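So that the names make sense, note that chain A is the first sequence line, chain B the second, and so on, each numbered from 1. None of the values given here were measured: they were computed from a predicted structure.
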Amino acid sequence: MSDKPVRTRFAPSPTGPMHIGNLRQAVFGWLYAKHCGGQFLLRIEDTDQKRYVEGSLEYIIGALRWLGLEYDEGPDVDGPYGPYIQSERLPLYQEWAQWLIDNDKAYKCFCTSERLEQVNKEKKARKEPPGYDRHCRTLTADEVAAKQAEGLPYVVRMKMPLDGVTKGHDIILGDVEFPNDTLQDAVILKSDGFPTYHLAHIIDDHFMEITHTTRGQEWMPSFPLHINIWQALGWEMPQHAHLPLILNPNGQGKLSKRKEAFDESGQRVLIKVSEYIEAGYLPDATFNFLANIGWNFGEDKEIFTVDEAIERFDLKDVNPANAAFPVEKLDWLNGQYIRDKAPETLAGLLVPVVAKAGLNADPELVGKVTPVAQTRIKTLNEFIDLAGFFFRDWAEFEAPPADMLIQKKMDTVGTKRCLEASITVLQAAETFDHAALYKTFKDLAQELDVKNGQLFGALRVALTGQTISTPTFETMEIFGKDETIRRLEMAVAQFADV
RNA sequence: GCCCCAUUCGUCUAGAGGCCUAGGACGCAGCCCUCUCAAGGCUGAAACAGGAGUUCGAAUCUCCUAUGGGGUACCA
């Protein structure tokens, strides 16, 4: 091990909206770099032109920034090791592929995909494991020259050892070894001149001076290939950490944006980072949640800040086992974070949410409603369901139907009487704060010989049109005397024919 | 098929040979509080995949089996 500064990278492919599992990989790499006082960089691996999706870079950058994972170098952050987009580094890969050929570590392969298919078909018929038969590995220099003179397209394949074992070490998994006779002469440079991931990431990691790599465990099978490439190149290999995968909540299969998953309550599991943002999850809660999968803070502490995580995080403490995605825990955590925020701060976050819902996002009103909603919402968006009525045009409020106003074990006559009596009491009210209102209505309930819940429930529905809402008297206080009475009168009108 | 990895409450996890009659959290159940819904408080049910070893002693080490996951592309 050297004393060079720790450098980690997040290297996604620009293939569309960013996946939440991907974001977690980024979290671990970022956390480790920060923990070591090193650098974290973003590199775009776009060596597969076919899979490129327009706008992906913006998705990736947006997701990283949203969560607070600032990178020291990247496509839009200049650094001394750029460019940070692989398609802009093509000559480098081609040069080193040639170097490998020149040094007898790799070879040109002219086999067509048709032949490859044929080979596999035959192998299958003989019940042999599939794979390339190394047909071009033994081509003579003259044969190669002849094929090239014909203008035949070719790929470059790695010349893998035929026997023995390839040994490697992983920070999380420990020592691993692979029998070489099961390995393939993988393609490292495609016929279009683009490198495959295998070659490209190694060259980049080397020249970008990456000291520790983090990637999903799905890469484990190609680890021996990579080890051999590093060795062939004669470069010092960074330390590798293969991170556990996130599985669907039921533990069946890895979380994927192509296959939708559902949790126990039948809710669709959100996959894209953008979906989490839109659903009203907080970045700090999401960070906490993601960091808690496969790693934990210790001391039985579930809730921790980013700085606390940086302080403690170490790749070697990561649990090697794959994890079912514990979605339901995010709701709880997000609720915790919402409650921990200063009401003014929360209100600031809520204003745009109200606006986005197409409602009147008056900051002052949001500020008044926030404290009474704070313990009742788990995501920002739930604010709309609970308290959206405050932000609709009051003049357009329509009284709820009579049967909604009538509470348990009440009838039309009794309900109407309650509402009328309430209006009378309200008109006489001098102070209009919720504590005083509570007291007067408690007295009124006794006077009318109904239960608190029966009276208060009718009031709630009359005021909000909802059976679940912010507390009734706090709601009255926010509405003020005039609006409160107006709504109750509208409710009484629902009983006109009684 | 072959290769690789993993396996502690339903789930995320703590646990690196005696501290474990296995700890925390989510979820769940019950109770308290209570104007709805939450929040909060308290209580409870709930796990070392199985089998062989090693050892005075194993959730912790070894092997086998089972199960789950991943890979097996001129995708990453």
[X] bridged to [Y] by N-O distance under 4.0 Å:
X: A/R312; Y: A/E299; answer: yes
X: A/D192; Y: A/K190; answer: no
X: A/R487; Y: A/E483; answer: yes
X: A/E308; Y: A/K301; answer: yes

What is the distance, rounded to the nearest whole Å, between atom [atom1] of [X] and atom [atom2] of [N]?
X: A/N180; N: B/C2; atom1: CG; atom2: P; answer: 19 Å
X: A/N292; N: B/U11; atom1: CG; atom2: C1'; answer: 13 Å
X: A/F223; N: B/C4; atom1: CZ; atom2: C1'; answer: 12 Å
X: A/N288; N: B/U13; atom1: CG; atom2: P; answer: 14 Å
X: A/H226; N: B/C3; atom1: NE2; atom2: P; answer: 20 Å
X: A/D300; N: B/G23; atom1: CG; atom2: P; answer: 11 Å
X: A/K301; N: B/U13; atom1: NZ; atom2: P; answer: 19 Å
X: A/D181; N: B/G1; atom1: CG; atom2: P; answer: 18 Å

Salt bridge (Lys or Arg N to Asp or Glu O under 4.0 Å) partners of [X], counting only residues at least two apart:
X: A/D185; result: A/R134, A/R137
X: A/R339; result: none
X: A/K329; result: A/E302
X: A/R417; result: none

Exercise. Could you run down nucleotides 62-76 of chain B 5' to 3' and tag each one B, S or - for protein heavy-atom contact under 4.0 Å?
Worked result: ------SSBS--BBB
Exercise. What does nucleotides 34-44 of chain B look like as a protein-contact string, B for base, S for sugar-phosphate only, - for none, at under 4.0 angstrom between heavy atoms?
Worked result: -BBBBSS----
Can you tell me the Watson-Crick or wobble partner of [N], both distances under 3.5 angstrom?
N: B/C20; value: none
N: B/A66; value: B/U7
N: B/C35; value: none
N: B/C2; value: B/G71
N: B/G44; value: B/C28
N: B/A58; value: none

Which whole number of Å gives the distance between the [atom1] atom of [N] and that of [M]?
N: B/A22; M: B/A45; atom1: P; value: 11 Å
N: B/A6; M: B/A73; atom1: P; value: 23 Å
N: B/A59; M: B/A52; atom1: P; value: 14 Å
N: B/A66; M: B/G51; atom1: C1'; value: 10 Å
N: B/A29; M: B/C37; atom1: P; value: 14 Å
N: B/U62; M: B/G18; atom1: P; value: 16 Å
N: B/C26; M: B/U34; atom1: P; value: 24 Å

Looking only at the side chains, is there a donor atom on one of [X] and [Y] sitting less than 3.5 Å from an acceptor on the other?
X: A/K108; Y: A/Q148; value: yes
X: A/Y281; Y: A/D331; value: yes
X: A/Q118; Y: A/E122; value: yes
X: A/R460; Y: A/S469; value: yes

For this session: Taking side chain to side chain donor-acceptor pair (under 3.5 Å) as the test, write out the residues that go with A/D204, two or more places apart.
Result: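 Here the qualifying residues are A/Q86, A/R89, A/Y93.
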Exercise. With sequence neighbours left out, which residue pairs that include part of residues 8-29 of chain A fulfil the salt bridge (Lys or Arg N to Asp or Glu O under 4.0 Å) condition?
Worked result: A/R9-A/D205
For this session: Pull out every residue in residues 164-179 of chain A that has a heavy atom closer than 4.0 Å to any atom of RNA chain B, ordered by number, or say none.
Result: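 Per residue number, the list reads A/L173, A/V176, A/E177, A/F178, A/P179.
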Problem set entry | Within residues 323-331 of chain A, residues whose heavy atoms come under 4.0 Å of RNA chain B | A/A323, A/A324, A/P326, A/E328, A/K329
Exercise. With sugar-phosphate meaning primed atoms plus P, OP1 and OP2, does A/N250 contact a base, only sugar-phosphate, or nothing at under 4.0 Å between heavy atoms?
Worked result: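 Answer is nothing: A/N250 stays at 4.0 Å or more from every strand.
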Compile the donor-acceptor pairs under 3.5 Å between side chains in residues 443-459 of chain A and protein atoms, sequence neighbours left out, one pair per line.
residue, atom, partner, partner atom, Å
A/D443, OD2, A/K439, NZ, 3.4
A/Q454, OE1, A/K451, N, 2.8
A/Q454, NE2, A/K408, O, 2.9

Problem set entry | Pairwise side chain to side chain donor-acceptor pair (under 3.5 Å) hits with a residue in residues 163-173 of chain A, at least two apart | A/T166-A/N180, A/T166-A/N228, A/H169-A/D175, A/D170-A/H242
Problem set entry | A/N296 or A/E128, whichever maps to the more 5' nucleotide of RNA chain B |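 Final value for this comparison: A/E128.
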